[in-house]
Amino acid sequence: MNVTLKGGSKDLTAVVDLSVSLFDPAVKFRLPIYPQPSSDASEDLFETARVWLSKCIQTHHCSRAVPFFDQQFLNGSWPKRLVDVDAFPWDDTRVQLVENPGPTINYATLSYCWGTVLALHEKYITTRINLGDRKERILIHSLPRTLQDAIIVARRLEIKYLWVDALCIVQDSSEDWGTESAKMGVIYSQAQVTICSDAGPDCDYGLFGGDTDNQTGVLSRLTPGQPKEGKLRNTWTYNDIGGRTEWLDDTTSISEAPLQSRAWALQERLLSSRILHYGSRMMYWECRKHLELEEFIDPQALTLDKTFPSFIVSMQSLDVLGGSPARQLIGRWYREIIEDYSRRNLSNPHDKFPAISAVAKLIAYHSRSKYLAGLWLLDLQQGLYWKSVGNVTRSSTYIAPSFSWAAYNSPVRWIDASNGTTTESAGFQVEGFVIEAVGKDAYGRISKGSLTLRGYVVKAKTEPLPSLAEYAIGTAEEGSSVKHAKDRSLNPNASLITEGGERCGTAHMDTFQEKPSQEVLCLLLKRSWNTCHMLLLAPKAPSDVGYRRVGVGSISDFVSHNEGWFKGSPGTTLTLI
């Protein structure tokens, strides 16, 4: 570009190479161009992290404890063991596993993916055999790379103690694992900072070892003085207009990182007051007040998934709830927490409840509701009305009763059956329930579960729905094919047929194995506006002790022969298993 400056006796002409494409999103979003950040293990970045941590401790209230976990902590429910990263000041090649001296100790935690490396190599984990040796010393080079790097970060942040599950829990002791895993809420919420290995698919990836050669992206990051040779970076920004998130590229998105596919990581992130994220290309800071980034973008321009800080911030100010606020909190459990959690992976399917138990305890404390295998007694009509998504299978071993979302290996969704209108209870009553825990933690693994309800029941049949066109029967349900056109797995996959052979409604069967024609019992859950929403149960065999859920269904009163379908149906008592 030629620039002519007029003035005096001569006009001066200069050629300026801006080296910015008109198609560069930096232009579109009016973002300035900044220098390439330095190595993730550089002292400059450690200093940045120290500044973030110090600023948060001194000026924020992020350390303010959630009342429930604060009480647990004061009652002695703190981590039993910690890694002392400065146990040998004269030798930085060793650390030591120590008994936690008390609640006043500052420590960091690590959130990371185990992968197959930790699972296959017992030398990496603490066992009953090596526990004594580790209380004397642990050679750092004997640990996987991510754990080595976490020790380095803790030292650079001047935090003496580090909690890592693989090291601080005796992994082959069911008693120790049960006791310590039940403390997860306290462990992460009371930590000074959580170090997250977001980019690492396993524990050997490291915090600083991302794909440093692949620096191509959509937002130009040009080195000063070398505009034509500057490398390209990836990032994303927050657009204040309309409160909308504009994704320039998702490669650095925390929400899309490998760690966020791990089920345990959800509650670890939810409950942590401060998080130092190590992504594939840069370092992020997330606390309950600010979101920041190693480069120089204004933190007010950034956004992460706001579910995480906002959820716990709301818990800090909540007392015991009742009525509508408690129901709203339980609604957040289903739609914000479990819908996310159910899409994540577990290496051990028996961890389905333990890996989210800390959040469940928090909900129970504030709502004062009874926890029933992932559901809540306070709003059971809503809790039972979930739909499975995608290729669904049942767990091969017992994890949960059939009426719980946890019984299936698939994402689940809750559809607002009220469609924005008043939803009235269908009148079914809970007559009893049995939930038997495997250990001492009532929110952990279970060995048995049943729910006894008294309500209105009619018989019907299901037939596979060959095409979405047959959804013309329609219901007032929000989960219609129009609203979820991009998510076909939420559409009905079966028709409901009366005993007289008339098509009367639609069904969403839980698994593909349950799509073929079969007889079902329709238990009325709730009624909203013109629609009845039902739980579908398989007929009980003589040897069965109860009924098993096979799906959900809905029927519209606009269809004349369906009007008053449940009228005249006597109240029936059923036990669901």
Closest approach of [X] and [Y], non-hydrogen atoms and distance?
X	Y	answer
D202	G115	CB-CA, 3.8 Å
S181	M184	O-CG, 3.0 Å
Y443	A360	CD2-CB, 3.8 Å
A406	K352	O-NZ, 3.1 Å
T146	G206	OG1-N, 2.9 Å
L346	A355	CD2-CB, 4.1 Å

Tell me whether [X] is salt-bridged to [Y], with the criterion being a basic N under 4.0 Å from an acidic carboxylate O.
X	Y	result
E286	R269	yes
R128	D172	yes
D351	R445	yes
D84	R137	no
D198	R262	no
R332	E336	yes
E47	R156	no

Residue pairs, two or more places apart or on separate chains, that pass ring-ring contact (aromatic ring centres under 6.0 Å, His included) and touch residues 154-175: W163-Y188
Would you say [X]'s side chain and [Y]'s backbone share a donor-acceptor pair under 3.5 angstrom?
X	Y	result
S342	P411	no
S272	R274	no
W386	F403	yes
R344	W264	no
W177	V170	no
S404	A400	no
E180	C168	no
S367	S369	yes
K289	H60	no
D133	N130	no

K160/N106 under side-chain contact (heavy atoms from CB on, under 4.5 Å): CA gap, chis, key distance, verdict: CA-CA 7 Å; K160 182 175 174 59; N106 287 327; over 6 Å; no
Is there a side-chain contact between [X] and [Y], using heavy atoms and a 4.5 Å cut-off?
X	Y	result
I152	Q148	no
W78	I187	no
Y408	T393	no
I151	L143	yes
I356	I337	yes
R81	D176	yes
S197	L207	yes
W52	L157	no

Y341 six-ring face occupied by R343 cation (under 6.0 Å, within 45°): no
Distance in Å, L167 CG paired with R134 CZ, rounded so as to fall on 0.5 Å steps: 5.5 Å
Nearest-0.5 Å distance, CG of residue L82 to CG of residue L97: 8.5 Å
Which residues satisfy the salt bridge (charged side-chain N to carboxylate O under 4.0 Å, His left out) test with [X], sequence neighbours excluded?
X	answer
R155	D86
K135	E99
E158	none
K370	none

Verdict with reasoning, R94 to E136, per salt bridge (charged side-chain N to carboxylate O under 4.0 Å, His left out): CA-CA 10 Å; R94 293 184 291 172; E136 293 184 5; over 6 Å; no
Parallel, tilted or perpendicular: rings of W90 and F88 (30°, 60°): perpendicular
Aromatic plane relationship, W333 with Y371 - under 30° parallel, 30 to 60° tilted, over 60° perpendicular: perpendicular
Crowding at CD1, I129 (>12 non-hydrogen neighbours, <6.0 Å): no
Donor + acceptor pair across side chains of [X], [Y] (<3.5 Å):
X	Y	answer
H141	T93	no
S410	S388	no
D165	Y112	yes
T179	E175	no

Stepwise side-chain contact (heavy atoms from CB on, under 4.5 Å) check, T126 with I169: CA-CA 7 Å; T126 296; I169 299 177; over 6 Å; no
Verdict with reasoning, L147 to V164, per side-chain contact (heavy atoms from CB on, under 4.5 Å): CA-CA 8 Å; L147 276 61; V164 182; 4.0 Å; yes
Positive for side chain to side chain contact (heavy atoms under 4.5 Å, CB included) with S450, one of I435, L372, I577: I577
Identified side chain to side chain contact (heavy atoms under 4.5 Å, CB included) partner of L329 from the options L362, D379, I363, L378: I363
Trace of the side-chain contact (heavy atoms from CB on, under 4.5 Å) decision for E292 with Y284: CA-CA 6 Å; E292 300 199 55; Y284 301 81; over 6 Å; no
Sub-6.0 Å ring centroid separation between Y278 and F208: yes
N345: partners by side-chain contact (heavy atoms from CB on, under 4.5 Å), with sequence neighbours left out: S261
Stepwise salt bridge (charged side-chain N to carboxylate O under 4.0 Å, His left out) check, D340 with R335: CA-CA 8 Å; D340 183 344; R335 292 179 175 84; over 6 Å; no
